Amino acid sequence: MAPTPELSPETLARHLAVLGPASGYCVAYSGGLDSTVLLHLMAALSAARELPLRAVHIHHGLQPQADAWAEHCRQQAAALGVDCLVLPVEVRRDSGEGLEAAARQARYAALASHLQSGEALLTAHHADDQAETVLLHLLRGSGPRGLAGMRAQRPLGRGRLLRPLLPWPRERLRAYGDTHALCWVEDPSNAHVAHDRNWLRHTLWPVLTQRWPDASRRVGRAAGEQAEAEALLRELAGEDLARHPPGPGLAVSVLARLSPARARNLVRHWLLMSGLRPPPRARLEQGLADLIRAGRDRQPVLTWPEGELRRYRDRIHRLPAGGPPPWPGPDREWDLRVPLVVPGVGVLRLVRADEGIAPSLIGAEGLSVGRRRRGERCQLAHDPGHRPLSKRFQEAGIPPWERDRVPILRRGEEVVAIANLGTAKRFTARPGYRLICEEHGPDGG
Ligand SMILES: Nc1ncnc2c1ncn2[C@@H]1O[C@H](COP(=O)(O)OP(=O)(O)OP(=O)(O)O)[C@@H](O)[C@H]1O
């Protein structure tokens, strides 16, 4: 393996160039050794190349020293000529995911919302952090996505998150800190070996590195291989997704033609695309086979803590845990002039069509949007007479759990249009407008 380059503003600049351009840089500055080194390097780089640079410190307010850390960060950054913004966050203690995870979530949410357009947030994760992450995933039984470790870059808010120190091990950062007589704070919670990561760092890692001094680089290389394998699997999933006929969800007939491993790969990536964490491997293996094999008239469900897969006729649908959110509140007035956001359901808008809602209705009084009513009927443009909405939804293949979430436009008590389905005969004109609803839950078509 080629040796790791020296840690200097110049080598960091070369690595940053590989990660792509940014309108400015913002260092996520905790006050610990790693981000202190990163800030020092970036301050030198910014002075030499006139790069816009600032720092942000998140004040979690969880430890007695939190105020002192924030003050320390302000002072150190000022000494380097860098503005440091201190952002207090509220960490939810009742989130059920543990205090550390809740703090991380609050931290990233605050960092993301303060990032300016095109700006890069820099965190100080290094090669040893990466090795720990990969080992933790290995011990959790993760697949290539977890074993690929942390990505060197990803989108965040209006900008991107970059981890430019990943090639360098902790000891190089420590040596840099000592050489430049940097001043940093020690978080006492880093020594608690009750946390898996700290146990790895303080107990396992010293033993491993006695035998393999460059263990973090070896693990990092393995992570790189996994990242490449994962990229290929994502490409394959993209090709398999393109084979599906249009419509919400995945077609069972297409999934059934793939090998079981390939079908699972497709489902995993399709879930990730909508922000749902896939089920554990064994659960997916058995559950997906059951969903594919079930008769067309059955409606099996695969549930796991983060989500659900439901079969309806020839399609498999992805849903958040507990099913889709219900229709939010009472009917809402809408005069059709600008798109209407229905939270948790989608965005309603009109699109020009050969036939549809009469233009004279735009801006009219008494229009509202709501969900279906018990026993409601209507006559769409080409219907011979009035028919129940429930029958119509069945015929259109709208899954039962979606039927109370389909937006219905009414004038007074009369149905004007059903989103994505059609316009009532009485309100139809040629040309007119179709009522469409986009981002209709995670399965929006
Ligand atoms: N309070 C903070 N304010 C600003 N940045 C922070 C803060 N805490 C951590 N960071 C940034 O995140 C990096 C990683 O920190 P740390 O290892 O403590 O977080 P983690 O939660 O274990 O990691 P991850 O970000 O992968 O969840 C730090 O080097 C620093 O850049």
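Order of appearance sets the numbers: ligands from 1, and atoms from 1 within every ligand. Quantities reported herein were computed from a predicted structural model and do not represent experimental measurements.
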Check Tyr108 against ligand 1 and report side chain, backbone, both or neither, counting heavy atoms closer than 4.0 Å. side chain
Going by side chain to side chain donor-acceptor pair (under 3.5 Å), name the residues that satisfy it together with His57, two or more places apart in sequence or in a different chain. none
For ligand 1, does Val56 get within less than 4.0 Å through its side chain, its backbone, both, or neither, judged by non-hydrogen atoms? backbone
Using distance alone, decide if ligand 1 has a nitrogen or oxygen within less than 3.5 Å of any nitrogen or oxygen in Arg197. no
Which atom of Cys437 lies closest to which atom of Pro407, heavy atoms considered: SG-CG, 4.0 Å
Would you say Glu186 and Asn190 are linked by a side-chain donor-acceptor pair, where the criterion is simply a distance under 3.5 Å? no
Check this for me: does any side-chain nitrogen of one of Arg373 and Asp331 sit under 4.0 Å from a carboxylate oxygen of the other? yes
Between Trp401 and His317, is the ring centroid distance below 6.0 Å? yes
Ignoring angles and geometry beyond distance, decide whether Arg104 reaches within less than 3.5 Å of ligand 1 through its nitrogen or oxygen atoms. yes
Taking only heavy atoms of His60 into account, list the atoms of ligand 1 that are under 4.0 Å away from them. 1 (N)
What I want to know is whether Ile58 and ligand 1 share at least one N or O pair that is separated by under 3.5 angstrom. yes
Checking a contact table here: which protein heavy atom is nearest atom 28 (C) of ligand 1, and how many Å away? Ala124 N, 4.1 Å
Under the 4.0 Å line, does any protein heavy atom show up next to atom 22 (O) of ligand 1? yes
Return a table of donor-acceptor pairs under 3.5 angstrom between the side chains of residues 138-148 and protein atoms on other chains or two or more places apart.
from	atom 1	to	atom 2	distance (Å)
Ser142	OG	His137	O	3.1
Ser142	OG	His137	ND1	3.1

Working note: Glu132 + Arg201, criterion salt bridge (charged side-chain N to carboxylate O under 4.0 Å, His left out); need CA distance, chi angles, decisive distance, verdict. CA-CA 7 Å; Glu132 288 162 13; Arg201 184 177 301 171; 3.0 Å; yes
So between Thr123, Val86, Asn190, Leu87, whose heavy atom ends up nearest atom 12 (O) of ligand 1? Thr123
Nearest candidate to atom 16 (P) of ligand 1, where distance is taken over non-hydrogen atoms, out of Arg107, Gln130, His195, Glu132: Arg107
I'd like to check which ligand 1 atoms, numbered from 1 as shown, lie under 4.0 Å from a non-hydrogen atom of His125. 13 (C), 14 (C), 23 (O), 24 (P), 25 (O), 26 (O)
Can you find an N/O atom of Leu111 closer than 3.5 Å to an N/O atom of ligand 1? no
Where does the angle between the aromatic ring planes of His40 and His180 fall among parallel (under 30°), tilted (30 to 60°) and perpendicular (over 60°)? tilted
Any N or O of Ala28 that comes nearer than 3.5 Å to an N or O of ligand 1? yes
Does this structure show an ion pair linking Glu308 with Arg318, if we count only N-O contacts that are shorter than 4.0 Å? no
